[in-house]
There are 2 protein chains.
Amino acid sequence: MEQRTYNQYCATARTLDLIGERWTLLLVRELLTGPKRFRDLLANLPGLGTGLLAARLKHLEGQGLIRRTTLPPPARTPAYDLTEAGRELGPTVLAMARWGMKWAMDNRRPAETFRSGWAMLGLQACFSPDAAAGLRAVIEFRIDEETFHARVHDGTVDMVHTPAQAPDATVTIDGATFLSITEGHTTLADALSAGTATTVGAPGLLRKLPRLFRQPSPVPRNG
Amino acid sequence: MEQRTYNQYCATARTLDLIGERWTLLLVRELLTGPKRFRDLLANLPGLGTGLLAARLKHLEGQGLIRRTTLPPPARTPAYDLTEAGRELGPTVLAMARWGMKWAMDNRRPAETFRSGWAMLGLQACFSPDAAAGLRAVIEFRIDEETFHARVHDGTVDMVHTPAQAPDATVTIDGATFLSITEGHTTLADALSAGTATTVGAPGLLRKLPRLFRQPSPVPRNG
DNA sequence: CGGCATCCATTTTGATACTG
DNA sequence: CAGTATCAAAATGGATGCCG
């Protein structure tokens with residue numbers, strides 16, 4: 001059961017030895033927005049079985065990329081969280097997300113699942129540091145039952161899968177509309193007019209949103 | 001024979017559907033410094049068989065990430081090159097390289113192979129745009145039989161596996177010394193004193209080198 | 001709920017032999 | 001040299017069943 005390795009003294013190959021197996025980087029993606037429980041991971045990774053998930057978690061824990069924790073009260077239930085090393089895989093995952101948004105996001109296929117969290121990470125991936133220079137704000141997003149918040153500070157952004165304590169603005173959208181926006185079939189502005197989305201908070205901040213998160217126009221491959 | 005997919009409407013998952021299979025990203029790594037022939041790819045990817053290499057190349061070509069070309073005269077031999085979409089995977093590979101340099105490059109294991117090209121890509125990964133602001137220069141590196149050159153311009157760098165036409169500086173190192181520098185056992189300065197490395201060209205530019213490519217101090221995982 | 005263990009069908013891989 | 005063809009070993013996935 002010795003683990004497979006590329007046996008290359010190369011930073012990229014060494015990294016792939018650790019996170020290159022199937023499902024591993026998607027597991028990291030799930031944890032980038034905060035600790036998750038076993039069953040939530042399972043629910044967001046359709047096709048992954050309990051056995052393989054347990055194996056991957058154990059491997060990543062052994063390599064020091066994740067850590068078993070207990071959720072704070074009142075939950076008090078076991079969960080998995082990224083270590084500092086694991087969290088620093090964020091730039092790698094976001095680089096992939098940026099590439100994918102540009103080159104791989106053609107029309108959604110019917111069999112494909114969708115989770116709002118994935119799109120929130122996509123939002124983080126198209127964050128524009130320039131447009132956020134000097135800005136400090138917390139923006140909450142509510143999509144159906146899921147609540148996220150983005151912390152913008154010093155030209156960077158964090159995306160967390162929890163409610164904010166004191167958001168400067170809150171965006172509320174129903175799931176179907178959010179998917180439609182993600183697919184590019186409609187826009188936030190249209191959804192606001194139609195009443196399927198609502199915003200609360202500083203108007204100046206809300207007006208900046210489209211510039212803070214500037215979606216790239218997809219380029220078809222095979223050209 | 002339909003290809004395996006995560007079936008997620010998510011930019012990261014879609015990207016992994018395309019480049020997440022074993023060897024694929026290392027193949028991209030090889031091509032990032034310029035077109036390569038079948039046998040050279042094979043030689044730099046020990047453990048990969050001809051069949052799998054052919055399959056990967058075909059898949060990537062079908063997905064529009066690489067392209068079959070013919071090397072310019074006098075070579076005139078078939079080779080593989082990245083398309084624009086493929087080349088834009090550079091940031092993803094370099095993000096992994098940066099992570100690996102910090103978190104995964106402990107002592108070289110005896111079984112591990114080493115290629116100077118991998119370390120040259122590592123050099124590119126720790127390029128500092130700030131230190132290169134306003135600088136425009138071409139630096140050639142000669143390690144044993146291999147010649148690379150870095151083109152620095154507008155705070156960016158390109159690394160190419162060919163000689164430069166008119167380098168502003170040239171660094172010549174023998175392979176063993178270069179490996180030793182990569183491992184951190186010695187430094188370029190020491191190698192210059194010892195005579196195992198030599199430099200030619202603008203002294204001002206050569207003095208800037210350590211700042212242009214600033215290696216991160218590795219942090220042990222499992223802490 | 002949060003896992004681990006087991007069995008089995010299917011894919012993927014790695015290594016080698018072979019061909020134009 | 002640039003691949004194809006072939007086959008054995010390993011990884012994956014899906015289903016279950018078990019235990020604390």
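Protein chains get the first letters and strands the later ones, always in sequence-line order, with residue 1 at the start of each. Given the structure is predicted, the values throughout are model-derived calculations rather than measurements.
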May I have the distance from [X] (atom [atom1]) to [N] (atom [atom2]), rounded to whole angstrom?
X	N	atom1	atom2	value
A/E21	D/dG13	CD	P	11 Å
A/E61	C/dG2	CD	C1'	14 Å
B/L53	C/dT12	CG	P	17 Å
A/L26	D/dG13	CG	P	11 Å
B/L57	D/dG3	CG	C1'	10 Å
A/R56	D/dA11	CZ	P	10 Å
A/N7	C/dT13	CG	P	18 Å
A/D17	C/dT13	CG	P	15 Å

Using a 4.5 Å cut-off on heavy atoms from C-beta on, say whether the side chain of [Y] contacts that of [X].
X	Y	result
B/L41	B/L48	no
A/L18	B/W103	no
B/L25	B/V93	yes

Under the rule for ring-ring contact (aromatic ring centres under 6.0 Å, His included), what residues qualify as partners of [X], not counting sequence neighbours?
X	value
B/H59	none
B/F141	none
B/H149	none

Do any N or O atoms of the protein come closer than 3.5 Å to N or O atoms of nucleotides 18-20 of chain D, and which pairs are they?
none

Ignoring backbone atoms, test whether [X] places a side-chain nitrogen or oxygen under 4.0 Å from the OP1 or OP2 oxygen of [N].
X	N	value
B/R22	D/dA10	no
B/W23	C/dG14	yes
B/K58	D/dG3	no
A/Y80	C/dG3	yes

Bending between helix ends of the helix from C/dC1-D/dG20 to C/dG20-D/dC1 [5 pairs per end, 10° resolution]: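 Comparing the axis at each end, I get an angle of 30°.
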Parallel, tilted or perpendicular: ring planes of A/Y6 versus B/W23, cut at 30 and 60 degrees: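 Perpendicular.
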Side chain of A/P78 (C-beta onward), nearest among C/dG2, C/dG14, C/dT12: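 Selected nucleotide: C/dG2.
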Any N/O donor-acceptor pair, A/T50 side-chain to C/dC4 base, under 3.5 Å: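 Answer yes: a donor N or O sits under 3.5 Å from an acceptor.
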Any residue of residues 27-48 of chain B with a heavy atom less than 4.0 Å from an atom of DNA chain C: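 DNA chain C contact set from residues 27-48 of chain B: B/G47.
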Salt bridge present between A/R115 and A/E146 (N-O < 4.0 angstrom):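 Looking at A/E146 together with A/R115, the answer is no, because their closest N to O distance does not fall below 4.0 Å.
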salt_bridge(B/E61, B/R68) N-O dist < 4.0 Å: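 Answer for the salt bridge query: no.
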B/T196 versus B/D174, side-chain donor and acceptor atoms under 3.5 Å: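 Looking only at side-chain atoms, B/T196 and B/D174 do not form any donor-acceptor pair under 3.5 Å.
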Donor + acceptor pair across side chains of A/E30, A/W118 (<3.5 Å):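 A donor-acceptor contact under 3.5 Å links the two side chains.
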Under 3.5 Å donor-acceptor, B/R22 side chain and A/E21 backbone: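 Such a contact is absent between B/R22 side chain and A/E21 backbone.
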Most 5' of A/T77 and A/G51 on DNA chain C, judged by nearest nucleotide: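 With A/T77 and A/G51 compared, the 5'-side residue is A/T77.
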